[in-house]
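Encoded as structure tokens, the structure appears first; notes follow it.
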Number of protein chains: 2
Amino acid sequence: MADENISDLIERYLKEILAQNEQVKIRRSEIAGLFDVVPSQINYVINTRFTIQNGYIVESKRGGGGYIRIEKVHLLDDIDVLNSLIDAIGNKLSKRDSETIVQTLYNNELINRREVSIILAAIDKDAIDLNSSDLTDILRANIMVSILNRLRYER
Amino acid sequence: MADENISDLIERYLKEILAQNEQVKIRRSEIAGLFDVVPSQINYVINTRFTIQNGYIVESKRGGGGYIRIEKVHLLDDIDVLNSLIDAIGNKLSKRDSETIVQTLYNNELINRREVSIILAAIDKDAIDLNSSDLTDILRANIMVSILNRLRYER
DNA sequence: AATTCTTTGACTAATATTGACTATTATTAT
DNA sequence: ATAATAATAGTCAATATTAGTCAAAGAATT
């Protein structure tokens, strides 16, 4: 949805290829030249947008004939997806990573669009951000209001 | 009406665009420059006039190519139920009351059984209980794991 | 007078871009 | 074979580019 910066354009470019093929193999400097950015920006795009949580495996090789290969992996079954996501979360989870996870759940058809937004509402920053060391009830109230607000509109 | 302060003008400007399009995507500094105000006034306008209660969803992104996107969503007719529930909650909510609310939502066919359990997972005591004044990410991780665990079984 | 709403700006946070330096692999020269 | 060199990709920190927060000052309303 957001394609105003070059990193987003590169991401989209690569994902368009991946929509056709199971994998894409690039020469880093070539893509960098194509979009007129420094080569290391390709690493930035890959590190922020083609993570394992997103369902991508990245392999590379240096030296002559070097390459970066991005492969879209097919996750085995639902339980495996959930287990690996739970493992990946640990005890901290950034907003960005949480959105990636919800996207993965949706891509694997574990949740539908409506459930996506319910979940995003539950973990919305405004819902769970608390400076004061306040009580569980306050937090739960925030989350509940957030979810109720979600239910007020369609799609 | 002696209205028409600058915030009102900005509001009107954005709503005129939204009357034509489903959403509007702006660069904060651009709009600020257009109306000759400091950028943070755009946040003020959005926070006071484009709330979810009014039927607007706002998304943004920082960094190069950053933006603010305002989307108008269609509010459901059942809003009265939701509004009164939100009013009733206030800023605290006990476990018992939260369960009553979820039950009400289900009885009014605003959510289905699956969504009931997703929501209950999101506000589960074990998920949101924290003694230490810890950070948002820890909390979000707890909520997400709780939701994921719920999705592991069917019913 | 008091209260609420608006305006402003200093400070913070998130994300993107760049480039110097490093690491690895392949190729070429000895 | 071994060493030197070339050809790649990786890392990391500095810088740039946005938007967000918050509180104080000012203006409007009650």
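Just so it is clear, the values below take in all heavy atoms, side chains as well, and ignore hydrogens, waters and symmetry mates.
- Look at B:R27 and you'll find a side-chain N or O under 4.0 angstrom from OP1 or OP2 of D:dT18.
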Could you pull out every donor-acceptor pair under 3.5 Å between side chains of residues 35-48 of chain B and any protein atom, sequence neighbours left out?
residue	atom	partner	partner atom	Å
B:Q41	NE2	B:S7	OG	2.9
B:N43	OD1	B:R28	NH1	2.6
B:N47	ND2	B:N43	O	3.1
B:T48	OG1	B:Y44	O	2.8
B:T48	OG1	B:V45	O	3.3

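- One atom, CZ of A:R96, and another, P of C:dA13, lie 17 Å apart when rounded to the nearest Å.
- Because its NZ or CZ atom is both nearer than 6.0 Å to the ring centre of A:F50 and within 45° of the ring axis, A:K15 counts as a cation-pi partner of that residue.
- Residue B:I68 contributes atom CD1, which lies 9 Å from atom C1' of D:dG20 at whole-angstrom precision.
- At a threshold of 4.0 angstrom between heavy atoms, the contacts of B:G63 include nucleobase atoms, whether or not backbone atoms are also involved.
- Between the side chains of B:N54 and B:T51, at least one donor N or O sits under 3.5 Å from an acceptor N or O.
- Within 6.0 Å of OH in A:Y13 there are 12 or fewer heavy atoms belonging to other residues, nucleotides or ligands.
- Looking at which nucleotide of DNA chain C each of A:S7 and A:G65 is closest to, the 5′-most match is held by A:S7.
- The nearest whole Å value for the distance from the CD atom in B:E11 to the P atom in C:dC5 is 14 Å.
- Contact annotation: side chain of B:R28 to base of D:dG20, donor-acceptor pair present below 3.5 Å.
- Judged by a 6.0 Å distance limit and a 45° cone about the ring axis, A:K72 is positioned over the six-membered ring of A:Y56.
- Here the P atom of nucleotide D:dT17 and the CD1 atom of A:I6 are 12 Å apart, to the nearest Å.
- Atom CG of A:N5 and atom P of D:dA16 are 18 Å apart (whole Å).
- Between A:K61 and D:dA7 there is no side-chain N or O to OP1 or OP2 distance below 4.0 Å.
- Nucleotide D:dG10 holds its C1' atom 15 Å from the OH atom of A:Y67, rounded to whole Å.
- With A:R12 as the partner, the side chain to side chain contact (heavy atoms under 4.5 Å, CB included) test is satisfied by one option alone out of A:I10, A:L9, A:L14: A:L9.
- In the hydrophobic clustering of ILVMFWY residues, with side-chain heavy atoms under 4.5 Å counting as a link, B:L105 and A:L120 come out together.
- For the segment residues 29-49 of chain A, residues with any heavy atom less than 4.0 angstrom from an atom of DNA chain D are, sorted by number, A:S29, A:S40, A:N43.
- Per the geometry, CD1 belonging to B:I26 stands 8 Å off P belonging to D:dA19, to the nearest Å.
- Following rounding to the nearest Å, A:R62 (CZ) and D:dT8 (C1') show an atom-to-atom distance of 9 Å.
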